[in-house]
Each structure stands twice: as C-alpha cells, then as structure tokens.
Protein chains: 2
Amino acid sequence: MMVEYGKTLRMIRKQKGITLKRLADGVCSVSFLSKFERGDSDITLGLMTRLLEKLMMNFDEFLYIHHDYQPDNLEQFFKTASTAYLNRDVKQLKQLKSGQIKKWRQYGVETYHYNALLIEVYESIVDKDYRNDDVQEKDIQLLSEYLFRVEVWGYYELTLYNGTLLLLHPDMVIMLSRTAYEKSARFKDYNKVHDAITSVLFNTIIYLLGPVNQFHEAFSYQKEMSEFLSYLEIITIPESNLTERVHLLQLKGALDIRIGNKDEGIAKIKQAIQLLHDLNSTKMANNIEQYLQLII
Amino acid sequence: MMVEYGKTLRMIRKQKGITLKRLADGVCSVSFLSKFERGDSDITLGLMTRLLEKLMMNFDEFLYIHHDYQPDNLEQFFKTASTAYLNRDVKQLKQLKSGQIKKWRQYGVETYHYNALLIEVYESIVDKDYRNDDVQEKDIQLLSEYLFRVEVWGYYELTLYNGTLLLLHPDMVIMLSRTAYEKSARFKDYNKVHDAITSVLFNTIIYLLGPVNQFHEAFSYQKEMSEFLSYLEIITIPESNLTERVHLLQLKGALDIRIGNKDEGIAKIKQAIQLLHDLNSTKMANNIEQYLQLII
DNA sequence: TTCAAAATTATCATATAGTGGAATTTTCAC
DNA sequence: GTGAAAATTCCACTATATGATAATTTTGAA
C-alpha cells in the first residue's frame, strides 16, 4: 500500500553529500528519517515538504526521479493513449480502456470513466469493425457535461478536451473552447497548462477553418475564429514562444485565405514554412506545406 | 508547523464536483478526509498521492494552486534574486542574503550557504561600495567544490551555477559546464532541467567567445566551444524548440566570426535577427543586434 | 589493524494519523 | 417551509508516524 519514497530520498541525499543528521535537523528526528529512508515508515506531507526544501528540490523533480526519470502517471496515460491512437493500435487502446474502466468500477470516480470514453472515441475512429454509434454519442455528451460543470480547467480537462474536440459539433466546440480559455486563465504562467490551452485554441481554429470538419454546414464561423485568434495572441505574448508564433502566422494566413485575401494568406503561410526551413525544422515545415495544399 | 494542504484539496474537489465520500472511497475513510480537508490533520504522503491520482492532478499542479497560482519557493528564490540583480537593487539583495544565512545557521545545511554566496556574488558586482575580494574568491571556491562533488545535477545546481559562471576562470567554466552536461543527462525529457542545461551551455559558449571575459588571456578555446556547441545540438534536436534553434544559429555565427569566417558568421547572425523580426520578437532581435555590434 | 568519532539503526514511549459509526448539517424536491 | 436523502462532522478508538536515547555499524586517520 505504502509508496516507498524514502529510498529515493536517501539516494538524492547521498548524491548531494548531505548527512542524515543534517537533513533531519530542525525538521524531524534522526531516527525517524532513517526509518523512512529505509522504507519502514510512511511520512507526513508536511515533513516531506520541509525535507525537500532543505534539499533544494521541488516535488515535481523528486517524483520524476522517483519514477525512474519518467513523467507522472497522468501525463503517461495521455501520451500512451495518443500514441496508440496515432499508430492505430486497437489492441493497446482496448487494454488501456479496460484498465480505466476497472478503476472506475473500483472507485466510482467518474474521471476514470471519462478516460475510458476518450479511448472509446479513439477506438471508434481507428477500428473499422467498431459499430456502436449510440454509445459514442452518449459518451461525448457525458464528457462535455463534465467539462461544462468543472469550475477550473487544469491540465487534465484541457488534455481530455483536446483529444475529443474533433468529434464535437462546431457550435459545441466554440462554447467549450471559450469555457476552456476562461476557466484556465489563472494558470497562465504554468508551462504545462499554458501549452495545453494553446493547443486547444490552435486546434479549435484549425477545426473551424474546415474542411476536416465532419459537419458539412455552410457556416463560416469567421467571427469566432477571430475571437480565438485574439485569445492566442494574448497568451502567446512572451517573445520567446517562437514556435507558437510560427503557428500563429500559419493560422492568420489560413484565416486570410478563408475570408478571400488569398494572396496575402498564402504569403503568410509560405513565410512560416520558410522560417521553419531556415531553422532546419523540416518536418514541421512539411506539415504546414501539406496543410497549405489541403486548403487551397 | 503543519501546512494546510487540506483546504486546497477541498477547493479542488468541489471545483471538480466530486463528493468527499467518492474521493475517499478506496483510499481512506470519509471521516479522515473530512478532518484533513478542514486542516485538523496532516496526511501521509502515500494517501495524498492516491487522492491526487483520483482527482487526475499531479503534485506540481496541486502545489501551484496551493501557492495561489505561483511557482514553488525554489523557483521564486532564483527569480527574485536575479530580478534584484538586474535591477541593481542592493537592498533587496541584502535582505535575500540575510534570509538564506539565517536558514543556514538554523539548519546547518550548506545549500542555504551557497544561496547566500550566489547573492553575495551578485552584490559584489552591483554594489559599488562592496569591498571584500577575499570573501568573494573563497565563496566561489566553496561553490565550485560543491558542484564538483554533487553526483547528479538537477534544477538547483544548474541554476546556481548559471548565476555565477561569469565570475569563474574560463578553464574552470569548461570543466564545470562539462560536468553539468554529463551529470544532468538523465533529465533530458524534463522541461525545467532541460531549459536550465540549455541555458548553461549557451552561456558557456557566449562567455568563452569573449570579450565579456574578465580574464584577458589569449586562449581561443576553439575546440571547447565546438564541443559545447555539439552538446547543444544534441539536446536541442526536437524540431519544435525554435527559440533554442535561433540561439544556436546566433552562436554558430559568432563562432564563425571568431575563427575568421567573418562574412559567413555575420550572415548567420543577421539571419537569426531577421527571423526574430519576422515573428515580431523585436526585443530578442535587438538583443542579438547589440551582441553583433559588440563582437565585430 | 586499531581505535575513536561520526553516521546509522534498534528499542521503546508518545503523539497523531486514520477508522467506524452515530450525530449533525446541508441539499433539494415537493 | 418540510421532510427525506446526501454530505459532512463528531467522538471514541486503533494503528502508525515520530521522538528520545541507547546500541550498532561505518569511516577514516594513525
């Protein structure tokens, strides 16, 4: 039951050349620290916080080391799922899904259910034998209800939404993306969440631009696209976000093309491509090239 | 003594619309979770881990929220120190230093001492009244001894080193930067540390290029600069690190100029400047422009 | 190798983390 | 507002985190 964080702590302490007594001093007793480091006791969150502070290490870095230099479970779940999806690995998807469903049954916490739904959505796209449109419809509704209900969107909600956005109706996407932007605003200086919200906004605009859109309606969503573009401009203000700035250029070009300024738009996108080539980011350049061919 | 994480947990739980009973189920008793959330009890690290997992939130994000959407203490310490340094705010520096010295006295842990030393180094540069060359010499030696001794460099060591690098002898910088690169290799996928090591390598090369160098020797360090440049190229492989790639271009240009290929070098740097202008990163462009004027 | 000092562990005592269930408060349909 | 159900808190009790101190192991200089 107990996770053996103590051994990791001991390792780090030794790597830094600090003695057990020194580390314990002012925080806890020497004997207890020894016991904890050996794995013979769990530790209180308060104590652990103060020990890590003395080691000049934050929790995140500590856990990264503890997990043998791997990201945390949540991040790995999303990574594994999206890799399996991109590789069209139905078996892996099914496996992931059953794992989440098991946890859902075990704890009754809906979040595990949503994870399973995300994977089900992936499955329905990848697996040609998949036949269950009802479930999918229902799944998506459950998911979006959750997203509307949550008061603050963090890494989890943003990533969950990002994975399913393409399957929602544009009107729904507009509302949810707006919600996402508003309800994650306080995280603006937190890299992981900042990246997630940027990705959501970017995908939203790309989706609204069509024609990847499964809903063949004639709406143009021009106003909404400008709205989301302005959000992107607000949150990518830092000069050093060059990657995001290149994407922004691409989007602006695409939007120009959409509203009729074809030449201007193409010029912008070509500029983005050129920039990427100059920096030897060939794959990214090719992706945008492909995108350009697709929309003109 | 006890940190009141419970209240933050309750807030997050409510924001996600999960009931106390649901969250506790399978992890701990309802009564205890209530007690913890009210701030009437500390909690074991093991339990906390499982509760956060059910909330689909990692420790880092939790603590970020807990600290009222601010980064952790360590990061803030370095930020505050470097801001005070850049603003030449001697008073603030003195205040920070005495805080760290107090902790050093209290706990006897050397890391607080090193923090104080870092600030002392800053002080000696900023404060015109500062007169104590001896101490500074000794300080730097203590610091570099620590850095050589530590077996794994994390965010702390890299940032500490980054702040004092300019005051070391080039030969020392070469050895320490090499050590930094080798001893932080396992963190390559961990953003915060990746950024720190990139910054170290970048600053190392800039420093070796001179003429910011206070040691007026005639060595050219050509071989070493290529070595560090190759490290930078290895760790900045991901195509999406555009910012790092622009800096790399700048460095390559500077190196060209240094070894005699003046025109080629200037062209590279001008290309970097142009790229930044294209992306409206005017300040960064101007910085490089200034740098170019300085070295030619 | 030897011995003393430093670092760690073992033993036992105590404070507090954590449980089960009854009592209370909150929520919400009517 | 009222009452029933859900959510939370209170209380008495148990398990375990943590401390004080003695015993053991490790280190490192001679």
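Numbered from 1 within each chain, the chains take letters A, B, ... in sequence-line order. Side chains included, hydrogens not; waters and symmetry mates left out as well; all remaining heavy atoms used. As the structure is a prediction and not an experimental result, all values here were calculated from the model.
- Within 4.0 Å of B:Leu33, counting heavy atoms only, lies no atom of the nucleic acid at all.
- As a whole-Å value, the separation of A:Asp40 CG from C:dT8 P is 16 Å.
- Between the C1' atom of C:dA17 and the CG atom of B:Leu45 lies a distance of 14 Å, rounded to the nearest Å.
- Between the OH atom of A:Tyr5 and the P atom of D:dA17 there is a distance of 14 Å, rounded to whole Å.
- Whole-Å rounding puts the A:Asp25 CG to C:dT8 P distance at 14 Å.
- Looking only at side-chain heavy atoms (C-beta outward), A:Ile119 and A:Phe77 come within less than 4.5 Å of each other.
- The existence of a salt bridge linking B:Glu151 and A:Lys14 is excluded, since no basic side-chain nitrogen approaches an acidic carboxylate oxygen closer than 4.0 Å.
- The side chain of A:Thr44 contributes an N or O atom lying less than 4.0 Å from OP1 or OP2 of D:dT18.
- As judged by a 4.0 angstrom heavy-atom cut-off over every strand, B:Arg10 is placed among residues touching the sugar-phosphate backbone only.
- Proximity note for B:Ser34 (side chain, C-beta onward) versus D:dT8, D:dA17, C:dA10: the nearest is D:dT8.
- Between A:Glu157 and A:Lys183, no side-chain nitrogen of the basic residue sits less than 4.0 Å from a carboxylate oxygen of the acidic one, so the salt-bridge criterion is not met.
- Close to D:dT9, at under 4.0 Å from its OP1 or OP2, lies a side-chain N or O of B:Arg38.
- Listed nucleotides: D:dG19, C:dT8, C:dT19. Nearest to the side chain of B:Ser29: C:dT19.
- Straight-line distance from the CG atom of B:Leu20 to the C1' atom of D:dT9: 10 Å, rounded to whole Å.
- Comparing D:dT8, C:dA10, C:dT8 by their closest approach to the side chain of A:Ser31 singles out C:dA10.
- What separates CE of A:Met48 from C1' of D:dT18 is a distance of 16 Å, to the nearest Å.
- Taking the nucleotide of DNA chain D with the nearest heavy atom to each of B:Lys35 and A:Cys28, the more 5' of the two is matched to B:Lys35.
- Atom pair B:Phe36:CZ and C:dT19:P shows a separation of 13 Å (rounding to whole Å applied).
- Rounded to an integer number of Å, the gap from A:Ile43 CD1 to C:dT16 C1' is 14 Å.
- For residues 52-63 of chain A, the set of pairs meeting the salt bridge (charged side-chain N to carboxylate O under 4.0 Å, His left out) definition, not counting sequence neighbours, comprises A:Glu53-B:Lys103.
- Comparing atom distances between the A:Asp42 side chain and each of D:dT18, D:dA17, D:dT8 picks out D:dA17 as nearest.
- Phosphate proximity of C:dG18 to B:Ser41: absent, as no side-chain N or O sits under 4.0 Å from OP1 or OP2.
- Few gaps surround CZ on A:Arg149; more than 12 heavy atoms of other groups in view lie less than 6.0 Å from it.
- Contact annotation: B:Arg13 side-chain N/O to D:dT8 OP1/OP2 distance is under 4.0 Å.
- For A:Val30, taking side-chain heavy atoms from C-beta onward, the closest of the listed nucleotides C:dT9, D:dA7, D:dC10 is C:dT9.
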